[in-house]
Amino acid sequence: MTYQEKKSIVSLISSILIFVVYCLYRYPLYPGGAANSKEMLHYWGSFVLVLTLVSIAAHIVISIIFNIIFRITTGEKEPAFADELDKRIDLLAFRNSFLVFVIGFILAMGSLVIDQPLEMMFIVLIAAGFLSDVIGSVSRMYHYRRGV
């Protein structure tokens with residue numbers, strides 16, 4: 001397995017773990033029942049903002065740890081450059097990831113149009129962000145394994 005494939009696998013697993021652990025942490029804090037819209041907006045706004053910050057920080061830390069472990073176990077350095085294949089695969093993965101997020105965004109806005117609760121819009125938006133991250137990693141892994 002190449003460095004890029006291993007990095008994609010680590011990225012996929014870490015994305016899933018970060019999202020699941022964060023959701024399990026935040027679920028008990030949900031203001032259910034007769035919560036007013038201000039409490040609900042505060043909850044979902046902080047959910048998205050903190051998830052974004054936690055996810056970025058965790059991915060940076062996991063990437064550093066992965067590079068250290070990779071270097072110790074293989075004795076190789078991280079590739080210092082990206083060739084045309086790497087750039088093309090990154091663009092394809094980004095395109096697929098972006099497409100999933102845009103579809104999710106449109107569905108989230110559509111949920112408001114068909115008079116769904118406000119929570120549904122946030123849930124669809126969060127799910128779209130998570131799925132776009134997963135699809136980007138899976139796409140990258142697929143293209144490194146199968147070619148472009």
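Bear in mind that the values here come from a model prediction, so they are computed numbers and not experimental data.
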Do other residues, nucleotides or ligands put more than 12 heavy atoms under 6.0 Å from the [atom1] atom of [X]?
X	atom1	result
R26	CZ	yes
Y142	OH	no
F105	CZ	no

From [X] [atom1] over to [Y] [atom2], what is the distance, rounded to the nearest 0.5 angstrom?
X	Y	atom1	atom2	value
I18	I56	CD1	CD1	10.5 Å
R88	L92	CZ	CG	5.0 Å
M109	M121	CE	CE	5.0 Å
S63	K7	OG	NZ	4.5 Å
F101	I106	CZ	CD1	10.5 Å
I65	I69	CD1	CD1	6.5 Å

Is there a donor-acceptor pair under 3.5 Å between the side chain of [X] and the backbone N or O of [Y]?
X	Y	result
S97	A93	no
S15	S11	yes
S111	A108	yes

Is there a path of hydrophobic side-chain contacts, each under 4.5 Å between heavy atoms, that joins [X] and [Y]?
X	Y	result
L118	L29	yes
L131	L99	no
V50	I123	yes
V134	F98	no
L17	L51	yes

Go through the steps to decide whether F66 and Y3 satisfy the test ring-ring contact (aromatic ring centres under 6.0 Å, His included), and finish with yes or no. CA-CA 10 Å; F66 170 74; Y3 171 82; 5.6 Å; yes
Looking only at heavy atoms, what is the nearest atom pair of [X] and [Y], with distance?
X	Y	value
H143	N96	NE2-ND2, 4.4 Å
Y22	S46	OH-O, 3.8 Å
A128	G104	CB-CA, 3.5 Å
F19	I126	CE1-CG2, 3.5 Å
F130	I16	CE1-CA, 3.9 Å

Evaluate the ring planes of F47 and W44, with Trp represented by its six-membered ring, and classify them as parallel (under 30°), tilted (30 to 60°) or perpendicular (over 60°).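 Ring orientation, 0 to 90° scale: tilted.
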Take V48 and L125 through the side chain to side chain contact (heavy atoms under 4.5 Å, CB included) test and state the conclusion after the steps. CA-CA 9 Å; V48 171; L125 201 56; 5.8 Å; no
Applying side chain to side chain contact (heavy atoms under 4.5 Å, CB included), run through F122 and L41 and close with a yes or a no. CA-CA 9 Å; F122 282 106; L41 287 174; 3.9 Å; yes
I need the single residue from I68, I62, N67 that forms a side chain to side chain contact (heavy atoms under 4.5 Å, CB included) with I64. Which is it?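 Testing each of I68, I62, N67 against I64, the sole residue satisfying side chain to side chain contact (heavy atoms under 4.5 Å, CB included) is I68.
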Test: E5 and R145 ion pair at under 4.0 Å: yes
Evaluation steps, side chain to side chain contact (heavy atoms under 4.5 Å, CB included), between R140 and Q4: CA-CA 8 Å; R140 193 172 287 109; Q4 288 85 358; over 6 Å; no
Report yes if some heavy atom in the side chain of H59 is under 4.5 Å from a heavy atom in the side chain of D133; otherwise report no. yes
